[in-house]
Amino acid sequence: MSTRFLSIIVSIICISGCHIKSHAISGTMFIIDSLRTELHRAHTPVDSLHIMLNLYDVLPRDTSNRLGDSLYYTAMRARDYNSALDIIRNQANRYMRRDSLLRDLTEKALKCPDSDERKETITFIRFMQNMRRAYYSDTEDRKEALRERMEEIMLNPPTDLYDRAALTHGLCMLLSDVPNGNLLVSYMDSLNHIIDRLPSTAYSLRNAYNVHAASIFSSTHPDRSMVADKNTLEDIENLERHYLAKGRKFRNYHPTYYTIYTRLLSNYEHLDTAEVNEYYSKALVQLPFDPAIYETYRKAPMPDIYYAMFYKDYARALPMIKKAISEPVTQMRHKQLRQMEIECADALGDKETLLRASKDYIKLLQDEIEERAHSTYRELQTAYAIYDMKYRVTQMAKEKSESIASLQHTIILVSICAVIILIILAVFLFLQFRKNRSLIRNLSETNRKLVSESENLKQSRAELIRARDAAQKANNLKSDFIKNMSYEVKVPLQAINEYSHLIADCVGNASSNDVGRISERHLTRFADLIELNSELLSTIINDVLRLSEIDSSPVSVHPIVINLRLLCEATLDSVRHRVKPGVTLSLDPDCGHVEMFTDPARLQQILNNLLTNAAKFTDKGSITLSYRLNDSDSEVIFTVTDTGIGINPKNKEKIFERFFKIDRDSQGAGLGLTIARLIAQRLKGDVELDTSYNSGARFTVTLPKN
């Protein structure tokens, strides 16, 4: 949306502003009269309930408040408990300052059957009571409330999620006058975590948290405030769809939308052009639908101010800022408005305004510093109270431990006395059967010695068998290593030797005129073959050295944060020359941007070995490398998929053994997969063959993300 188009919208709204209130009132009265006529025709509570709900939504607030009580009783007679609880939550939001009415609403909610929605409603009422006590009580009352809640959360924390949500919300509200405090941020995070664990239908509690978070963090943590506002928008859109599906089409969401979009615009320094245009246009769209919104906008056009400041239209912004500062509705924004006034005056060279605004801004800063000092003092008092409570908890635990120890001491004394009595009673029997007991003891000792000797013999035999097997295995590995190396090294060395002689013979026997022709035909091919066999020989030696390094000492790991896409593309480039003509080597295009904390060199060794194997056994088709995160985002799963000869599932573990080769005539020492798995295991992961894939071979590498 262009700036010019948005300006036209503002002009239209300003021109038509005088007609908004009269049209809105006349339209509302027509709807009210129609609904009242329908209500007179209704005969049952079920028929009346829907009409009364729409009346509640469209009537002025004072009138609809009185209708709320009748609505509750009508819903109860109709056995529509969801509607009864919904109207209780609406009434609680309106009666936040009246504690007696909130208690009455709690009693009404308890008359509904037990359900998650009833728990949500009672908790929402407790949220309103928390806000009343935090915002409308005197200092001493707030301090006492804070102490009570601290004691409860430290000494007797509730186990029920709804009770924990209400208790934590109360702490947050009582600490909200210290928006920069670490305690407030900590408890707000805790409250968010608790609400996330509640049923997904608990819209009222989630919306209450987001509204409070957006307001509390609007001046200190703009990023958190914007996240909360966006979550509130999502919740309101869900509620709007929910109520529309129930036929409640007169609910007024425009004040809420206007407030949220205006608050989002207040963070214009953190927004891009598209976001500013979107929020600005959506804020203005709300004006024709509610006279109260338009009246607020007329006194303090905050969306226009933020919009002009974003585009640095200081000449337009400055008069609006001066007007808005004098309005009571902008009291919470005075500091930001003064900052913007200073910026505009400085840019326009208005020294008089700059001087006055600077003085006012300095006064605001002084007041804020003084308030912060008081807030810091209160936070320190709160921290000390928490420390004192923790100390009391420790003391209580110590006293409990001492009480238990005393009880145990008494029990031990009583037990000793009982044992002594039993011993005295048993002496006579002991003397009578002393010989038998001695004989039994001797037999038991002899049996124990025999069993011990038998176990020692079994253990010695098992150790000898293990030693024999280990020696045999070592001997076999040595033999396999010598045979493999003698064959694998001999072939490339012989090839290098023969092609070197061929090059020498060709150059030595050719005339000067033939050298160019011979080089073009043969020498390039011979040199490529020598280079190929040299690379094969180097690979074999490197594999043996890597295996020796892994066996002889722990693999050194140097983890860093890496971009997986860049690392995978580099690995593909390093093995591309090994791929046979007609075979496609590529990275899965669905692989997105993923960062991983690991050793890039070790990870590249694993992928290089798997891709080299795939290139060796794939004559046509494709080789694809891909990666993805698991469901919990804790692990990265790499796959190397080819369309080659495939691997029999019965060899799924055997292929990872040293020197094992599916095709004895294939190049290599049979160490690539062994080394890949060993390195992966040192990185706390693993390499496996995917036996469900049957169009070639697919290996999966699973490694922790961090």
Side-chain angles (χ1 to χ4, degrees), residues 134-136 138-139 142 173-185 188 212-226 228-229 259 262-271 276 279-280 283 296-383:
Y135 296 153
Y136 305 110
D138 57 36
T139 303
R142 287 199 300 272
M173 292 299 100
L174 291 166
L175 293 168
S176 61
D177 60 342
V178 193
N180 281 319
N182 294 327
L183 277 176
L184 175 60
V185 174
M188 285 295 287
H212 297 157
S215 176
I216 288 170
F217 295 127
S218 61
S219 60
T220 57
H221 300 81
D223 52 339
R224 298 187 64 156
S225 177
M226 287 192 290
D229 273 329
T259 300
T262 302
R263 190 161 50 225
L264 284 168
L265 276 173
S266 71
N267 300 301
Y268 62 88
E269 294 175 334
H270 304 278
L271 302 176
V276 168
Y279 299 151
Y280 180 60
T296 300
Y297 170 81
R298 188 184 63 78
K299 292 179 179 178
M302 298 307 296
D304 293 347
I305 292 172
Y306 296 136
Y307 186 75
M309 290 301 298
F310 176 79
Y311 284 104
K312 301 189 183 304
D313 189 355
Y314 299 123
R316 179 170 175 251
L318 187 56
M320 293 189 291
I321 292 171
K322 290 180 178 179
K323 176 185 177 184
I325 287 177
S326 62
E327 296 294 338
V329 294
T330 64
Q331 184 176 0
M332 300 300 294
R333 293 284 179 185
H334 274 186
K335 180 182 174 184
Q336 185 186 31
L337 286 169
R338 289 298 182 194
Q339 287 176 319
M340 293 188 294
E341 185 180 20
I342 290 171
E343 182 180 347
C344 292
D346 184 47
L348 297 173
D350 187 346
K351 294 183 179 179
E352 181 181 351
T353 301
L354 179 62
L355 179 60
R356 178 184 50 77
S358 298
K359 289 180 179 179
D360 293 339
Y361 184 63
I362 290 170
K363 178 64 169 60
L364 286 173
L365 288 178
Q366 289 173 339
D367 294 342
E368 182 179 357
I369 290 170
E370 184 177 351
E371 178 60 28
R372 283 191 181 181
H374 289 302
S375 299
T376 304
Y377 176 70
R378 289 196 298 272
E379 185 175 12
L380 288 172
Q381 285 183 315
T382 305

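Only this structure's heavy atoms are used, side chains among them; waters, hydrogens and symmetry mates stay out.
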### Task
Carefully, step by step, assess Ile305 and Arg316 under the rule side-chain contact (heavy atoms from CB on, under 4.5 Å).
CA-CA 8 Å; Ile305 292 172; Arg316 179 170 175 251; over 6 Å; no

#### Entry: Residue pair Thr262 / Ala283: nearest heavy atoms and the distance that separates them
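The answer is OG1-CB, 4.4 Å.
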
### Nearest heavy atoms of Ala300 and Val329, plus distance in Å
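Shortest heavy-atom separation between Ala300 and Val329 comes out as CB-CG2, 4.0 Å.
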
### Query
Only one of Tyr268, Tyr307, Phe310 forms a ring-ring contact (aromatic ring centres under 6.0 Å, His included) with Tyr280, so which one is it?
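Between Tyr280 and the candidates, ring-ring contact (aromatic ring centres under 6.0 Å, His included) is satisfied uniquely by Tyr307.
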
### Task
Report the distance from atom CG of Leu265 to atom OH of Tyr279, rounding to the nearest 0.5 Å.
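Leu265 atom CG to Tyr279 atom OH measures 8.5 Å (nearest 0.5 Å).
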
### Task
Working to the nearest 0.5 Å, report the span between CG of Leu318 and CD of Glu343.
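Leu318 atom CG to Glu343 atom CD measures 11.0 Å (nearest 0.5 Å).
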
Just list the side-chain donor-acceptor pairs under 3.5 Å for residues 345-355, sequence neighbours left out, or say none.
from	atom 1	to	atom 2	distance (Å)
Asp350	OD1	Thr353	N	3.2
Asp350	OD1	Thr353	OG1	3.2
Asp350	OD2	Thr353	OG1	2.7
Thr353	OG1	Lys322	NZ	3.2

### Query
What residues form a side chain to side chain contact (heavy atoms under 4.5 Å, CB included) with Ala214, not counting sequence neighbours?
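By the side chain to side chain contact (heavy atoms under 4.5 Å, CB included) rule, Ala214 matches Ser225, Ala228, Asp229, Arg263.
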
### Task
List in chain and number order the residues that pass side chain to side chain contact (heavy atoms under 4.5 Å, CB included) with Ala357, two or more places apart in sequence or in another chain; answer none if no residue qualifies.
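Side chain to side chain contact (heavy atoms under 4.5 Å, CB included) list for Ala357, sorted by chain: Glu341, Ile342.
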
Are any non-hydrogen side-chain atoms of [X] and [Y] less than 4.5 angstrom apart?
| X | Y | result |
| --- | --- | --- |
| Met226 | Leu271 | yes |
| Tyr297 | Asp304 | yes |
| Met302 | Leu337 | yes |
| Tyr135 | Met173 | yes |
| Met309 | Cys344 | yes |

### Query
Just by modelled atom types, is the His212 backbone N or O under 3.5 Å from a matching donor or acceptor in the Ser215 side chain?
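No, because the side chain of Ser215 does not come within donor-acceptor range (under 3.5 Å) of the backbone of His212.
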
### Message
Ignoring hydrogens and geometry beyond distance, is a side-chain donor-acceptor pair present between Tyr306 and Gln336 at under 3.5 Å?
### Response
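Yes, a side-chain donor-acceptor pair sits under 3.5 Å.
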
### Query
For Arg298, what residues pass the salt bridge (Lys or Arg N to Asp or Glu O under 4.0 Å) criterion, not counting sequence neighbours?
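Salt bridge (Lys or Arg N to Asp or Glu O under 4.0 Å) list for Arg298, sorted by chain: Glu295.
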
### Message
Per the salt bridge (Lys or Arg N to Asp or Glu O under 4.0 Å) rule, what does the pair list look like for residues 212-226, sequence neighbours excluded?
### Response
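Checked against salt bridge (Lys or Arg N to Asp or Glu O under 4.0 Å) - neighbours excluded - the pairs reaching residues 212-226 are Asp189-Arg224.
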
### Message
My understanding is that only residues two or more places apart in sequence, or in another chain, count here; which of them pass side-chain hydrogen bond (donor to acceptor under 3.5 Å, both in side chains) with Asp360?
### Response
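Partners of Asp360 under the side-chain hydrogen bond (donor to acceptor under 3.5 Å, both in side chains) test: Arg338.
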
